[in-house]
Amino acid sequence: MPLTLYNSRTKKKELFLPLTPNQVKMYVCGVTVYDDCHLGHARSALVFDTIRRYLEYSGYQVTYVRNFTDVDDKILQRAHKEGIPWTQVTEKYIEAFYRDMGRLGIIPPTIEPRATHHIQDIVDMIAGLVEKHVAYEVEGDVYFEVRKFSQYGQLSGRNLEELLAGARVEVDHRKKDPMDFALWKSAKPDEPGWESPWGKGRPGWHIECSAMSIKHLGPTFDIHGGGKDLIFPHHENEVAQSCAYTGKEFARYWIHNGFVTIDQEKMSKSLGNFFTIREIFEKSPYSEIVTGECLRYYLLSTHYRSDLNFSEQSLPEAKAALDTIYGLLQRMEEPRPFYLASPIFLQEQLEEQLEEQSGEQYLASLIDSLVQKFEQAMDDDFNTPKVLAAFHEFRGEINKLLAKGLSDQTKGKAREIFRKFGEPLGLLQNSPDVWFGKFKEKKPFEKISLGFDESAKIVPLDNSELIEKQVRLRNEARAQKDFSTADTIRNELAEQGIILEDRPDGTTRWKR
RNA sequence: GGCGCCGUACCCAAGUGGCUAAGGGAGCAGUCUGCAAAACUGCGAUUCAGCGGUUCGAACCCGCUCGGCGCCUCCA
């Protein structure tokens, strides 16, 4: 089935045909490492992680490059404010970034270049642009001359006249045109800098992505991605300087993800309405593993190009939805109830077997249908919400089959399917026991709150043995029809967020 | 001011010209259960912000109106 994706350059869905068959070269703008990353950054990383996973699922060999901007004004400001070397700022936040990505199950890209490791490539590229007379130096700064690139504005759908008319930038009279942008910035005496033909300085923001993508993927590559706020000026400028430099097409498909909003407004540092990933995990009532997967589910429950609004319900809703699937996985792991195997039920057992025959055939058709829906939805511009719907439909059908009785082999097959198709989404890879908190849990009933609520403290505990003991006591009471004691225990456990489920055979399973 | 996006049930969210408008959450009712939980079944938009138009046919196309948001400055 052919993959189609929305190309923001042409504003249309297009058939995806990579430059080299079976290979995809993809570059995504990463983060500037001057602070903890927030949900918006995470969304971008997650969207492209999912795209990468699906491309690999589809059989492509993917080279995925995602950069770190590790030198820039904000980093220097931060270092100055904290009175530490700027390199310490970048190291700290690169580490934090890895921690957050890991919690979200985001697979590291193939290559993670840093601007500071590519200064020579950047200088070479700028020198080439100066040589071609599309860039010029003024007092140690080098600017790209937008008038020299006739296609300028093509990606973002603007033209220079419009831009000038609405320009809010204060005009720097040293520039030939107000829209000219910096390739190289001269360093002030106290600022870090590298030697260059124009004196000591550092790269402008846009040039690093061009230099590093060309270096690692070649002049023309398949996919370039990032948040939709990067379309202008960042990506527009990348196109201009790259094409001017190589004389070749730059990225062939442009993919831009939508924002995460709070109260319908873009989450951003300047508005102050953001949640860092760290904060979300610290305040989550769920374990780290569960929180990570819930967050992932939540972010995938909206199409990547749409904005999505984060609220206090987002995580609990994702948890409830995932619970239904993990609950099924758990039931499919359990041995078939003994009452189905006892002699009294021999007649029923025979019937069960007959049911199983048709049940297993039916399962095969359900799997076919799921695979088809999965691929169709993902091939249609990565429609993850549709995929999740298909999972839930599949779940419902399997639940019905399970009630009729399924062989261990068939149950195993169904479980495998959930795992296999959850993988490209980064979902359903945990064991039900971990999911339902039998190993580690934080303090229950602390709802994730919007804002800086210090009351939500992490209380790590591993009280499985205690719970098991309570469950045993309760079942002894139940056996003696001492239901008041049984109910007392149930209520006590419920207060700790433990839910008991009695099986028909008298045993009890518990979960959080 | 320029360019652009969005408005689908109580909430989240697919669907963008033609079978009964997916799916999740919450809710109500039922089956099951000592009670519960889970699972299953049923109920819930004659309707897709509003109005007008195109069409045999529109939530989907066009126009206008109302409401929300984004980019044009650093931004995932």
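Residue numbers start from 1 in every chain, and the chains themselves are labelled A, B, ... in the order their sequence lines are given, proteins ahead of strands.
Side-chain to base pairing of A/Asp487 with B/G34: one donor and one acceptor N or O lie within less than 3.5 Å of each other. In terms of polar N and O atoms assigned as donor or acceptor, the side chain of A/Arg305 never comes within less than 3.5 Å of the base of B/C5 in a complementary pairing. One cannot find a donor-acceptor pair under 3.5 Å joining the base of B/A76 and the side-chain atoms of A/Arg43. A/Arg474 contributes a side-chain N or O that forms a donor-acceptor pair with the base of B/G34 under 3.5 Å. Counting distance only, with no hydrogens placed and no angle test, the side-chain atoms of A/Asp502 and the base atoms of B/C35 include a donor-acceptor pair under 3.5 Å.
One atom, CZ of A/Phe181, and another, P of B/C72, lie 15 Å apart when rounded to the nearest Å. We find that CZ of A/Arg158 is positioned 11 Å from P of B/C3, with the value rounded to whole Å. If you take CD1 of A/Ile231 and P of B/G2, they are 20 Å apart, rounded to a whole angstrom. If you measure from atom NE2 of A/His256 to atom C1' of B/G4, you get 14 Å, rounded to the nearest angstrom. For the pair A/Asp323 CG and B/G23 C1', the computed distance is 17 Å after rounding to whole Å. B/C40 atom C1' lies 16 Å from atom CD of A/Glu393, rounded to whole Å. The interatomic distance linking A/Leu308 (CG) with B/C12 (P) rounds to 11 Å, in whole Å. Taking atom CG of residue A/Asn491 and atom C1' of nucleotide B/C35, one finds them 10 Å apart after rounding to whole Å.
A/Ser156 comes within contact range of no nucleotide atom at all, as no heavy-atom separation falls under 4.0 Å. As judged by a 4.0 angstrom heavy-atom cut-off over every strand, A/Gly327 is placed among residues making no nucleic acid contact. Residue-level contact check: A/Val47 touches neither bases nor backbone, having no heavy atom under 4.0 Å from any strand. Within the nucleic acid shown, A/Tyr298 has no heavy atom closer than 4.0 Å to any nucleic acid atom. Across all strands shown, A/His303 has heavy atoms under 4.0 Å from sugar-phosphate atoms exclusively, and none from any base. A/Gly258 comes within 4.0 angstrom of a nucleotide base, judged by non-hydrogen atoms across all strands. Heavy atoms of A/Leu500 sit under 4.0 angstrom from at least one base atom. Across all strands, A/Arg331 comes closer than 4.0 Å only to sugar-phosphate atoms, never to a base (heavy-atom distances). Within the nucleic acid shown, A/Lys400 comes within 4.0 Å of sugar-phosphate atoms alone, with no base atom in reach, counting heavy atoms only. Within the 4.0 angstrom heavy-atom criterion, base atoms lie near A/Phe483.
Spacing of C1' atoms, B/G1 relative to B/A58, comes out at 34 Å, to the nearest Å. Nucleotides B/G34 and B/G15, compared at atom C1', are 46 Å apart to the nearest Å. B/C43 sits 38 Å from B/U55 when the P atoms are compared, rounded to a whole Å. A distance of about 26 Å separates the P atoms of B/U65 and B/U47, rounded to the whole Å. Comparing B/U46 with B/C51, their P atoms sit 14 Å apart, to the nearest whole Å.
For the pair A/Arg509 and A/Gly30, nearest-nucleotide mapping onto RNA chain B gives the more 5' position to A/Arg509. Comparing A/Asn399 and A/Ser268 against RNA chain B, the residue whose closest nucleotide sits nearer the 5' end is A/Asn399.
Between A/Phe144 and the choices A/Trp184, A/Phe181, A/Tyr152, the ring pair (Phe, Tyr, Trp, His ring centres under 6.0 Å) rule is met once, by A/Phe181. Just one residue in the list A/Met179, A/Lys175, A/Glu236, A/Lys176 forms a side chain to side chain contact (heavy atoms under 4.5 Å, CB included) with A/Val146, and that residue is A/Met179.
Under the Watson-Crick and G-U wobble criteria, each requiring two contacts below 3.5 Å, nucleotide B/G34 is left unpaired. Base pairing of B/C5: its partner is B/G68, meeting the Watson-Crick or G-U wobble criterion (both donor-acceptor distances under 3.5 Å). Pairing for B/A29 goes to B/U41, judged as Watson-Crick or G-U wobble with the two contacts each under 3.5 Å. The pairing partner recorded for B/G52 is B/C62, the criterion being a Watson-Crick or G-U wobble arrangement whose two distances lie under 3.5 angstrom. Applying the Watson-Crick and G-U wobble criteria (two distances, each under 3.5 Å), B/U73 pairs with nothing in any strand. Shown here, B/G23 forms a base pair with B/C12; the pair counts as Watson-Crick or G-U wobble because both key distances fall under 3.5 Å.
Of the charged side-chain nitrogens involved, at least one lies within less than 4.0 Å of a carboxylate oxygen, so that A/Asp502 and A/Arg478 count as a salt-bridged pair. With respect to the salt-bridge test (charged N to carboxylate O, under 4.0 angstrom), the residues A/Asp73 and A/Arg202 qualify.
Side-chain proximity of A/Met179 to B/A39, B/U73, B/A22: nearest is B/U73. For A/Ala320, taking side-chain heavy atoms from C-beta onward, the closest of the listed nucleotides B/A76, B/G25, B/G23 is B/G25. Candidate nucleotides B/C69, B/G23, B/C71 were compared by shortest atom distance to the side chain of A/Asp307, and B/C69 ranks first. Proximity note for A/Val260 (side chain, C-beta onward) versus B/A76, B/C71, B/C12: the nearest is B/A76. Out of B/A37, B/U73, B/C71, the shortest distance to the side chain of A/Glu501 is found at B/A37. The side chain of A/Gln313 lies closest to B/C11 when the candidates are B/G23, B/C74, B/C11. The side chain of A/Thr302 lies closest to B/A13 when the candidates are B/A13, B/G24, B/G15.
Less than 6.0 angstrom separates the ring centroid of A/Phe310 from the ring centroid of A/Tyr298. Between A/Phe221 and A/Tyr253, the distance from one ring center to the other does not fall under 6.0 angstrom. Taking the ring centroids of A/Phe48 and A/Tyr304, they lie at or beyond the 6.0 Å cut-off. Taking the six-membered ring wherever Trp is involved, the centroid distance between the rings of A/His235 and A/His256 falls below 6.0 Å.
The side chain of A/Asn383 places no N or O atom within less than 4.0 Å of a non-bridging phosphate oxygen (OP1 or OP2) of B/A14. Taking 4.0 angstrom as the limit, A/Lys266 places a side-chain polar atom (N or O) nearer than this to OP1 or OP2 of B/C71. Phosphate proximity of B/A76 to A/His41: present, with a side-chain N or O under 4.0 Å from OP1 or OP2. Side-chain nitrogen and oxygen atoms of A/Arg395 include at least one within less than 4.0 Å of the OP1 or OP2 phosphate oxygen of B/G24.
Aromatic ring orientation, A/His224 versus A/Phe250: tilted (interplanar angle from 30° to 60°).
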